[in-house]
Amino acid sequence: EKIVETPVICNFLYRRCGDAETLDENRQRQHEMVNSLCQNDFNIQLSLLIWVEFSHPGTDLTVQVQSVFQRLSGLLTRLEEALEDWGWWQDYKSRPIMMADCAIWQQLWVIDHLFGPAAKLESLPKLHDFFQTCKHRNQFEHYIGQHRLQLTGWPGEPPAIERIRNVLNG
């Protein structure tokens with residue numbers, strides 16, 4: 001294929017790993033919503049924020065960072081509430097790790113990486129606990145450490161992240 005699309009890849013992995021086959025219809029919908037939220041709502045906002053100074057020269061970075069940060073904080077709060085309402089955490093403890101679990105952990109890592117201490121993930125106790133104690137956290141962190149992942153692949157990303165962190169963390 002000429003075009004690699006993250007939601008398509010995520011959906012392929014979701015089906016290929018057998019997640020859909022082990023879940024009832026209601027749980028499948030919940031997992032699909034989580035995957036969509038992580039890939040669309042979080043990734044797009046975070047990527048646009050990293051690129052904002054390059055794509056919109058002269059933009060007020062402080063305004064953009066604070067706006068995106070508030071929006072994402074609200075999404076995280078709603079995600080934590082939805083997962084609790086769905087009984088996700090009890091279900092998670094009794095099943096193998098699934099694509100949606102990986103997507104949640106990855107987004108928490110990205111938000112922590114991008115916003116630093118200002119992310120205040122500890123204010124979301126269930127998500128924070130999951131981020132800290134995820135079944136495969138060691139493997140995820142090992143992979144990230146080996147590959148020095150950039151979020152967008154843009155060469156200007158590291159200094160952009162530093163400027164974003166400085167806006168929120170002083």
Side-chain angles (χ1 to χ4, degrees), residues 1-14 16-17 31-80 82-83 97-124 126-134 136-170:
E1 297 293 323
K2 300 269 184 199
I3 300 174
V4 178
E5 184 63 31
T6 302
V8 173
I9 294 169
C10 184
N11 194 21
F12 168 78
L13 289 172
Y14 170 72
R16 180 70 174 192
C17 293
H31 280 242
E32 290 166 359
M33 286 190 290
V34 167
N35 285 329
S36 176
L37 175 79
C38 290
Q39 297 305 321
N40 297 321
D41 298 308
F42 285 112
N43 276 351
I44 290 170
Q45 292 298 314
L46 293 165
S47 296
L48 290 173
L49 181 59
I50 290 169
W51 280 75
V52 73
E53 291 176 303
F54 179 75
S55 60
H56 302 289
T59 193
D60 186 336
L61 183 64
T62 300
V63 169
Q64 291 297 318
V65 168
Q66 290 172 343
S67 174
V68 170
F69 182 73
Q70 286 178 337
R71 191 174 317 118
L72 295 178
S73 294
L75 284 173
L76 284 171
T77 298
R78 287 191 297 282
L79 174 62
E80 180 163 90
L83 296 175
I97 194 159
M98 295 188 164
M99 185 71 196
D101 302 317
C102 297
I104 293 168
W105 192 91
Q106 178 193 15
Q107 290 312 312
L108 294 172
W109 182 87
V110 169
I111 288 167
D112 186 59
H113 174 70
L114 183 60
F115 296 129
K120 297 181 181 172
L121 293 177
E122 64 276 1
S123 69
L124 301 160
K126 296 284 188 176
L127 285 172
H128 182 258
D129 182 61
F130 171 75
F131 183 57
Q132 296 298 319
T133 64
C134 176
H136 297 296
R137 179 186 174 143
N138 292 338
Q139 291 93 327
F140 295 158
E141 288 179 337
H142 178 74
Y143 181 83
I144 290 168
Q146 282 186 320
H147 296 280
R148 296 180 185 230
L149 296 179
Q150 280 194 270
L151 305 176
T152 67
W154 174 46
E157 182 176 304
I161 290 175
E162 185 176 334
R163 288 189 297 278
I164 291 166
R165 281 180 160 215
N166 287 339
V167 166
L168 293 172
N169 300 299

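Since the structure is predicted, the reported quantities are computational estimates derived from the model, not experimental observations.
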- [ ] Give a yes or no answer on whether the side chain of Arg165 reaches the backbone of His113 with a donor-acceptor pair at less than 3.5 Å.
- [x] yes
* Asked: Within the distance-only criterion (no hydrogens, no angle test), does the side chain of Asp101 pair as donor or acceptor with the backbone N or O of Met98 below 3.5 angstrom?
  -> yes
Side-chain donor/acceptor pairs under 3.5 Å, residues 63-78, sequence neighbours excluded:
residue : atom : partner : partner atom : Å
Ser67   : OG   : Arg71   : NH2          : 3.1
Arg71   : NH1  : Gln45   : OE1          : 2.3
Ser73   : OG   : Phe69   : O            : 2.8
Thr77   : OG1  : Ser73   : O            : 3.1
Arg78   : NH1  : Gly74   : O            : 3.4

Between [Y] and [X], is there a side-chain heavy-atom distance shorter than 4.5 Å?
X	Y	value
Ile104	Phe130	yes
Leu48	Ser55	no
Ile164	Ile50	yes
Val34	Leu83	yes
Phe115	Leu46	yes

Quick note, salt bridge (charged side-chain N to carboxylate O under 4.0 Å, His left out) partners involving residues 46-65, not counting sequence neighbours, are Glu53-Arg163
For the residue pair [X] and [Y], what are the closest heavy atoms and their distance?
X	Y	result
Phe42	Gln107	CB-OE1, 3.2 Å
Glu80	Leu127	OE2-N, 2.8 Å
Arg137	Phe131	NH1-O, 3.0 Å
Ala119	Asp112	CB-CA, 4.3 Å

Side-chain H-bond candidate by donor/acceptor type, Ser47 with Asn43, under 3.5 Å:
no
Enter the distance from [X]:[atom1] to [Y]:[atom2] here, rounded to the nearest 0.5 Å.
X	Y	atom1	atom2	value
Asp41	Leu79	CG	CG	10.5 Å
Gln132	Glu122	CD	CD	9.0 Å
Leu37	Asn40	CG	CG	8.5 Å
His142	His136	NE2	NE2	14.5 Å
Ile44	Leu49	CD1	CG	13.5 Å

| Would the Trp109 and Phe140 ring centres measure less than 6.0 Å apart? |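 No, too far apart.
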Check: Should the pair Phe54 and Trp51 be assigned to parallel (<30°), tilted (30 to 60°) or perpendicular (>60°) ring geometry?
Finding: perpendicular
